[in-house]
Amino acid sequence: MSDAIKHECGISVIRLLKPLEYYKEKYGSAFYGVNKMYLMMEKQHNRGQDGAGFASIKLDMAPGERYISRQRSIAQQPIQDIFAQINSRINQTLLEHPEYADDVALQKKYVPYIGELLLGHVRYGTFGKNSVESVHPFLRQNNWMHRNLIVAGNFNMTNVFKLFDKLVELGQHPKEKADTITVMEKIGHFLDDAVAKVYKKLKKEGFSKFEASPQIAERLNIAKILKKASKDWDGGYAMAGLLGHGDSFVLRDPSGIRPAYYYKDDEVVVIASERPVIQTVFNANFEDVHELDPGHAMIIKKSGATSIEKIQEPLERKACSFERIYFSRGSDAEIYQERKELGRLLMPEVLKHIQHDTQNTVFSYIPNTAETSFYGMVEAAQAELDKQKADEILKRRNELDKEGLEDILSKKLRTEKIAIKDVKLRTFITEDSSRDDLVAHVYDVTYGVVKESDNLVIIDDSIVRGTTLKKSIIKMLSRLNPKKIVVVSSAPQIRYPDCYGIDMAKLQDFIAFRAAIDLLKEQNKEDIIDKVYQKCLSQVEFEDTQVINYVKEIYEPFTDEEVSNKIADLLKDETTKPEVSVIYQKVDDLHKACPKNLGDWYFTGDYPTAGGNRVVNRAFINYVEGNLKRAY
Ligand SMILES: NC(=O)CC[C@H](N)C(=O)O
């Protein structure tokens with residue numbers, strides 16, 4: 001991926017089903033859960049590097065004993081930072097109290113972070129600031145054990161402001177406008193309600209206040225609380241929550257936009273944003289890790305009883321295709337094949353651009369995430385080369401001798417590692433006049449393998465802004481003097497904002513949008529911009545369900561290819577000597593390659609929730625009015 005888009009968050013929940021002594025005996029440490037959580041987070045670090053957080057709960061602690069721990073960080077390496085702090089605190093306690101070393105009961109009582117229920121989060125913010133206060137998990141504290149609520153999510157709600165106003169209507173006074181607080185308070189409100197109701201009932205049944213507590217834990221109906229809390233949520237979400245006494249849940253949005261997977265055996269229940277993470281950390285088989293159904297929640301009671309319950313009626317499944325193209329780790333068995341297929345499907349178009357001249361073409365990729373689709377592209381190119389060889393052999397079959405045959409067979413596909421990312425450079429970049437030259441060197445190239453008569457085909461997983469391509473990659477590739485550079489994107493053109501957890505909320509950021517606007521201007525069709533603007537303005541007060549995505553009209557006059565050609569123009573500057581062309585995946589082919597993740601709103605403008613149309617409507621108004629705010 002050449003553009004560093006800020007995207008996604010990752011969640012992980014671990015519930016240890018056995019007493020901590022069991023893990024000490026079997027695995028040598030009562031900190032088994034903490035260690036596993038470290039791995040779960042590290043292996044999802046791709047999902048978020050703005051910040052990371054950890055929380056844990058100890059079950060069945062006596063009043064006066066601490067049972068909730070939390071640690072958050074926005075350091076450069078936030079995961080390492082929190083676990084360094086956790087470890088140093090644990091080690092210090094163990095050093096001061098050598099008597100705890102082999103006594104799990106004492107460890108549980110006095111050492112923080114150890115616990116049976118753990119929650120981890122890695123963040124890329126899509127709302128609010130990047131301060132440590134915005135880092136999950138969020139904590140809602142209360143003296144009543146059951147009313148303590150800890151939440152972390154991979155989510156974005158399109159209507160968070162409306163949800164906020166509703167809380168105020170309910171008489172609440174949220175201390176901040178962070179979206180996670182709004183969502184947490186929404187759950188918290190119905191949790192308080194439920195606790196009070198159960199208590200009232202228990203009182204009638206003759207339980208004393210003290211006796212009521214464990215009964216509340218048992219009787220709390222988490223599904224009911226979640227149903228009420230999420231009734232008005234419009235967005236994509238995988239929300240994880242822990243309650244002070246030990247119940248926990250993960251709730252997934254009705255369209256399945258954000259991912260959630262789970263695994264259970266007799267020692268643990270694990271939920272995470274990505275499947276291979278669970279597979280590696282818990283040595284689990286592919287078939288044993290399941291996807292949480294859209295609109296459903298996995299609920300783990302304090303007792304360890306686990307259930308999956310329908311919370312909201314599932315809508316048409318629109319799981320985010322970007323998860324497959326780019327965000328999730330490519331080590332997932334399915335995702336790996338899907339990415340290869342994305343590369344393979346692009347080959348026919350690539351062949352057209354290089355006039356089937358595979359001999360004078362070097363194939364390469366932009367590191368690192370496009371590597372898998374590169375393999376697929378190469379397999380397809382190999383098939384093309386084999387076909388060319390077979391055709392030639394058949395054509396010359398009467399005159400071919402051994403040498404001639406060997407000559408044909410010796411033709412090899414030319415795949416090279418051309419682009420190299422010099423990661424460290426980024427940190428030195430400042431805003432002065434030499435910036436562009438520094439930016440150009442964020443990528444480097446391999447010299448000596450591309451000839452002037454060659455085409456250079458280079459695949460990337462997507463082109464969002466195109467800035468790095470323009471300012472670094474294409475500049476560097478031009479130095480190699482190829483005849484032609486063909487940039488291939490395994491994702492289709494990104495035309496519309498995301499509002500479900502990816503931080504792509506401004507239209508003017510997208511090179512495809514800028515290309516369409518340029519085309520409108522060039523072809524004297526600028527009036528379309530104003531017409532769309534007027535239509536957008538007229539919808540501002542509409543109910544979400546009434547809003548139509550008129551931004552589609554910006555692209556309507558042009559074929560995909562026209563927009564691609566314009567993008568190719570935009571990627572060049574006066575220093576670019578080789579011809580440059582850009583090939584994008586077709587939306588239909590994307591669906592063929594990733595059949596389970598048909599969510600494609602950023603490519604098509606077809607939003608899975610009504611709020612999406614309001615967001616794109618607002619994004620266009622913001623663009624025309626020069627407002628740089630996010631559209632949600
Ligand atoms: N990418 C995400 O899932 C972000 C979660 C949440 N909206 C935040 O900004 O913190």
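Given the structure is predicted, the values throughout are model-derived calculations rather than measurements. When a ligand or atom number is given, it counts from 1 through the structure's own listing order.
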**Student:** Give a yes/no on ligand 1: does M157 have at least one heavy atom closer than 4.0 angstrom to it?
**Tutor:** no
**Student:** State, without any angle test, whether S321 and D600 hold a side-chain donor-acceptor pair at a distance under 3.5 Å.
**Tutor:** no
**Student:** Measuring from N549:CG to W601:CH2, what's the distance to the nearest 0.5 Å?
**Tutor:** 14.0 Å
**Student:** Applying a 4.0 Å heavy-atom criterion (strictly less than), which segment of R123 is in contact with ligand 1: side chain, backbone, both, or neither?
**Tutor:** side chain
**Student:** If we only count N/O pairs under 3.5 Å, is S134 in contact with ligand 1?
**Tutor:** no
**Student:** Of all the atoms in ligand 1, which lie at a distance below 4.0 Å from a heavy atom belonging to Y124?
**Tutor:** 1 (N), 2 (C), 4 (C)
**Student:** Apply salt bridge (charged side-chain N to carboxylate O under 4.0 Å, His left out) to K596 and E334, showing your working.
**Tutor:** CA-CA 10 Å; K596 290 186 181 171; E334 283 177 351; 2.6 Å; yes
**Student:** Nearest 0.5 Å, please: how far is CD1 in I278 from CG in D288?
**Tutor:**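 If we round to the nearest 0.5 Å, D288:CG and I278:CD1 are 11.0 Å apart.
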**Student:** Assign the ring pair H136 / H121 to parallel, tilted or perpendicular, where the plane angle (0 to 90°) is split at 30° and 60°.
**Tutor:**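 Geometry flag for H121 against H136: parallel rings.
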**Student:** How does T126 reach ligand 1, if at all, at less than 4.0 Å between non-hydrogen atoms: by side chain, backbone, both, or neither?
**Tutor:**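 Both the backbone and the side chain of T126 come within reach of ligand 1.
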**Student:** Does G501 reach ligand 1, in the sense of a heavy atom lying below 4.0 Å from it?
**Tutor:** yes
**Student:** Is there a donor-acceptor contact under 3.5 Å from the side chain of R514 to the main chain of Q508?
**Tutor:** yes
**Student:** Hey, which atoms in ligand 1 end up nearer than 4.0 Å to a heavy atom of G125?
**Tutor:**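 Close to G125: 9 (O).
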**Student:** Just which atoms of ligand 1 are under 4.0 Å from any heavy atom in N154?
**Tutor:** 2 (C), 3 (O)
